[in-house]
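Data block below; observations after.
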Amino acid sequence: MDKVYNANTIEDKWYQLWEKAGYFTPKIDKDKKALPAGRQAFSILLPLPNANDPMHMGHALFTIQDIMIRYHRMLGDPTLWLPGADHAGIETQFVFEKHLAKQGKSRFDFDRSTLYKLIWEFVEKNRAINRDQLKKLGFSLDWTRYHYSLEPEIVEKVMETFKKLHQDGLIYRGERIVNFCTKCGTAFSDLEIEYVERKDPLYYIKYGPFILATTRPETKFGDTAVAFHPGDKRYMKYLGQEIEIRGVNGPFKVKVVADEAIDPKFGTGIEKVTPGHDAMDFEIGQRHNLPIKKVINLNGRLNELAGKFAGMKVAEGRKAVFAAMEVLGLIDHVDENYLHNVATCYRCHTTIEPMVIPQWFIKMKPLAKAAIDAVKTGRTKIVPKKRFEKMYFDWLKNIRDWNISRQIVWGPRIPVWYCLNCNGEIKINFINKQSERINDTYRHLKDKYTFEEINAGLQSMMADKEASYQLSDGKCLKCHGTNILQETDTFDTWFLSGQWPLTTLGADFQYFYPTSVLDTLWDILFFWVAKMMILGLYVTGEVPFKVIHLHARVVDKFGQKMSKSKGNVIDPLEITQKYGADALRFALVMGVAPASDICLSEEKIVGMRNFTNKLWNIGRFIRMNMDAYKEQNISLTDFKNIKNTLKTEDKKISKYLDKLTKDVTKSIDNYHFGRAAEDLYTFIWHTLADKHLELVKDRLKNMDKKALVTLIHIYTTSLKLLHPFMPFITEEINQQINLWDSTPLIISPWPEN
RNA sequence: GGACCCGUAGCUCAGCGGUAGAGCGUUCGGCUUACAUCCGAAAGGUCAGAGGUUCGAGACCUCUCGGGUCCACCA
């Protein structure tokens, strides 16, 4: 054995060997006859990384899955770890737009299909890189089953689910208030917005007979009511009246309503209701049948309802309206230090504009029940239970309908068509010629239209007739006309990835579904895990996985989140090159309690690299002693034959090993990987190397065969136990020491316990 | 406004009701059939605080104080 362990060359060598030999591909025995008693197939779907994502520590944490996978493979279970990549709709388009911006361009410079093609090419470049990076870390993924969320077969299945949902009446196209980012030009689900605390002026304005507090005077043009709490006696006498309000564009009328949602202690206890531009107001509006007036366009500017303020952006509109009101004496006073939470786009941090736009929704309430029950009855277990089960239940219980339509290019378009014959002429309002967003679906209809125009057109169409969208391509189902137009919205990425367990298993679906474990960071419990549960149960009636194992994020040694701006990011590839993948893998796992933050520092990784060095040197020491026998042509017997005639210290270490085997097995079974790693570390370094090895040095010198055979047995067994954690170095050493068995560790049987 | 998690050695963290642990750091001493990426030893803790349950609590319960996270339509 070489004096120094060279991680880089050895790691690459072994990965290629394993992959070439096909060890990552499960041996499927359809009848499960070849399975050891009580065993079953074991499968994990890799949480699909974004295809355009360079590797970060989050990906390195896939180590946890590799540990489970390698462990089960050694147990003899047909084991599948399925890799893939996500097109990641808005994420990717956002990254690509930043890339465009560097070249002084924007998405508006391209028509839809060109833009799509450009993003496609952009992603393809990174997708291959991503795969190689995962290999560097030793992940034993079955690359023959790699999937990408935009593969035709996958998209097709996703569409089928949409169709099924539609047929079951669980899909609707609704004019509902949604979170709209005027910069990204798309709506977002409730999960995709971030609340930021901000200090803004709170204007106390004179409003007919009332004084009321608002942060948004510019939406005044969309007011259709004022509301107060039903228990509030101060305003009771106005209930039901139509009141004339003096405004900056002349007088207008609003209704007075009472609604539970109003907090009588806030401001003056009365609120102006703007159903078109505020989520709470929208709901008040629904309850009281208030008309919706839209005053802000999708480009974030006030429209013609704002009169002379039309064309202004929201922020300047606010100032201008305030100034005009002050002139008219409509301002009572202003609280300049009002602190509140403002919704922002999680991607670009632009303030979210609540808007009423037709969007596609899935009715979640009826679907959520099955997902709740599945966990309640234990068909799916959440680990750690204590911490995350409640979170899961709470979210599902209060679930709201899921907006699955995004106004972006990057992703499969929603498979519905509008018939222009049946629905009549589409009305086009020219709103903003400047920011023309060309849409290819409309190009065959003579002209180019803007994004706003299309939505305006669709909206008026929806208003004119009953929703008459269809799921058929080619011809109108009613009039058989071919003048049809596909929905321009694309699916929310999570609608596709939420079906990952349904779309990727192919011919082996029956064999591997439900999958065994889903391991992921808890931050996508709602985005992804819950969606898979819901859609998996809906389509198949069976849960998509038996266990949801949630781990925490990687933070730096001070417990701080890693971020570029803080400069505390540890790059897994750099580290791997420096210290080896095994060291990084072990550092990520060792001593970490379930679901607690993983503090990672270069010092810790160095410590684990030192452990690989220790491991290597024990090997060298043993090999050196073995070679002495080889020269004398004496074979070393099997440990089993001398087991009953051992000396005290050999018996002792042998006992310790049995305990270690039991403990490690139990810990892995219970998802206590940190514990297992710690036990292995302590045993190998302190028990085996520091104590036992020193103890038997004299005996080895005197060619005590039992001492050596015992040592070899203890060591090679430890290598097996350690293999799921540190696959490379254990495999290499095993090959150099274990001369009696040429089976690579990756498929060696797990030590009996 | 709801809920959750965490306060253990200088730092980062394990700890499974039964004599307080690891890594790094610190101090002292060591090139010994592998390893100085090492070996041997040592210092360092009222386990945040206060009550309670128990023969026994760092672990279980209640409250207080500190730190963090998630959810929620605060005009």
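Here is how names work: the chains are called A, B, and so on, in the same order as the sequence lines, proteins then strands, and each is numbered from 1.
Across all strands shown, A:Y681 has heavy atoms under 4.0 Å from sugar-phosphate atoms exclusively, and none from any base. Residue-level contact check: A:E678 touches the backbone only, with heavy atoms under 4.0 Å from sugar-phosphate atoms and none from bases. Within the nucleic acid shown, A:W522 comes within 4.0 Å of sugar-phosphate atoms alone, with no base atom in reach, counting heavy atoms only. Within 4.0 Å (heavy atoms only), A:I177 reaches no atom of the nucleic acid at all. A:I622 comes within 4.0 angstrom of nothing in the nucleic acid, heavy atoms only. A:L212 comes within 4.0 angstrom of nothing in the nucleic acid, heavy atoms only.
Listed pair A:N610 / B:C38 meets the phosphate criterion, a side-chain N or O lying under 4.0 Å from OP1 or OP2. In this structure, A:S596 does not reach the B:C6 phosphate: none of its side-chain N or O atoms is under 4.0 Å from OP1 or OP2. Here A:R623 does not reach the OP1 or OP2 of B:U33: none of its side-chain N or O atoms lies under 4.0 Å away. Between A:K3 and B:C35, a side-chain N or O to OP1/OP2 separation shorter than 4.0 Å is present.
Atom CG of A:L550 is separated from atom P of B:C5 by 15 Å (rounded to the nearest Å). In this structure, CG of A:L688 is placed 16 Å from P of B:C38, rounded to the nearest angstrom. Rounded to whole Å, atom C1' of B:C73 lies 12 Å from atom CG of A:D259. Following rounding to the nearest Å, A:L191 (CG) and B:A72 (P) show an atom-to-atom distance of 7 Å. Remark: C1' of B:A34 and CD1 of A:I618 are 9 Å apart, rounded to the nearest angstrom. Following rounding to the nearest Å, A:F393 (CZ) and B:C70 (C1') show an atom-to-atom distance of 17 Å. When rounded to the nearest whole Å, the span between CG of A:N613 and P of B:A34 equals 13 Å. For A:D597 and B:C70, the CG to P distance is 11 Å, given to the nearest whole Å.
The base-pairing partner of B:U26, taking Watson-Crick or G-U wobble contacts with both distances under 3.5 Å, is B:A42. Base pairing of B:A14: no nucleotide in any strand meets the Watson-Crick or G-U wobble criterion (both distances under 3.5 Å). Judged by Watson-Crick or G-U wobble contacts below 3.5 Å, the nucleotide B:U62 has B:A50 as its partner. In a base pair of the Watson-Crick type (N1 to N3 plus N6-O4 or O6-N4) or a G-U wobble (N1-O2 and O6-N3), with each distance short of 3.5 Å, B:A3 is matched with B:U69.
Between atom OH of residue A:Y346 and atom OG of residue A:S189 there is a gap of 8.5 Å, rounded to the nearest 0.5 Å. A:I245 CD1 to A:K220 NZ: the interatomic distance, rounded to the nearest 0.5 Å, is 8.0 Å. Distance check: A:R585 CZ to A:F728 CZ gives 7.0 Å after rounding to the nearest 0.5 Å. With rounding to the nearest 0.5 Å, the separation of CG in A:L657 from CD1 in A:I714 is 4.5 Å. The NZ atom of A:K294 lies 8.0 Å from the NE2 atom of A:H277; values are rounded to the nearest 0.5 Å.
For the C1' atom pair drawn from B:G44 and B:C28, the interatomic distance equals 15 Å after rounding to whole Å. Of the C1' atoms belonging to B:U62 and B:G25, the separation is 39 Å, rounded to the nearest Å. B:G7 and B:A50: their C1' atoms are spaced 16 Å apart (whole Å). Nucleotides B:G10 and B:C60, compared at atom P, are 24 Å apart to the nearest Å. The gap from the P atom of B:G17 to that of B:C61 amounts to 12 Å, rounded to the nearest Å. Between B:C47 and B:G15, the two C1' atoms lie 11 Å apart (nearest whole Å). The C1' atoms of B:A9 and B:A43 are separated by 11 Å, rounded to the nearest whole Å. Rounded to whole Å, the C1' atom of B:U8 lies 10 Å from the corresponding atom of B:A14.
For A:M624, counting side-chain heavy atoms from C-beta on, the closest listed nucleotide (B:U12, B:A3, B:U33) is B:U33. Closest approach to the A:A689 side chain among B:C70, B:C74, B:A34 is made by B:A34 (side chain taken as heavy atoms from C-beta onward). Nearest nucleotide to the A:K701 side chain, out of B:C70, B:U33, B:C74: B:U33. When the nucleotides B:C35, B:C38, B:C74 are ranked by their closest atom to the side chain of A:W685, B:C38 comes out on top. The side chain of A:N625 approaches B:U33 more closely than any other nucleotide in the set B:U33, B:A34, B:U37. Comparing atom distances between the A:Y338 side chain and each of B:C74, B:U37, B:A34 picks out B:C74 as nearest. When distances are taken from the side chain of A:H686 to each of B:G23, B:C39, B:C13, the shortest belongs to B:G23. Among the nucleotides B:C73, B:U37, B:U33, the one closest to the side chain of A:F621 is B:U33. Of the candidate nucleotides B:C73, B:A34, B:C70, B:C73 has the atom lying nearest to any side-chain atom of A:Y195. If you check B:U37, B:A34, B:C71 against the side chain of A:R609, the one that comes closest is B:U37.
Between A:H340 and A:Y195, the ring center distance fails the sub-6.0 Å criterion. The distance between the ring centers of A:Y238 and A:F210 falls below 6.0 angstrom. Aromatic rings of A:F611 and A:Y681 (six-membered ring for Trp) have centroids within the 6.0 Å cut-off, being under it.
Sequence order on RNA chain B of the closest nucleotides to A:D690 and A:R400 puts A:D690 first from the 5' end. Comparing A:G591 and A:K614 against RNA chain B, the residue whose closest nucleotide sits nearer the 5' end is A:G591.
A donor-acceptor pair under 3.5 Å is absent between the side-chain atoms of A:N179 and the main chain of A:I352, judged by distance alone.
Residue A:K604 places no side-chain atom within donor-acceptor reach of the base of B:C24, judged by atom type and a 3.5 Å distance cut-off alone.
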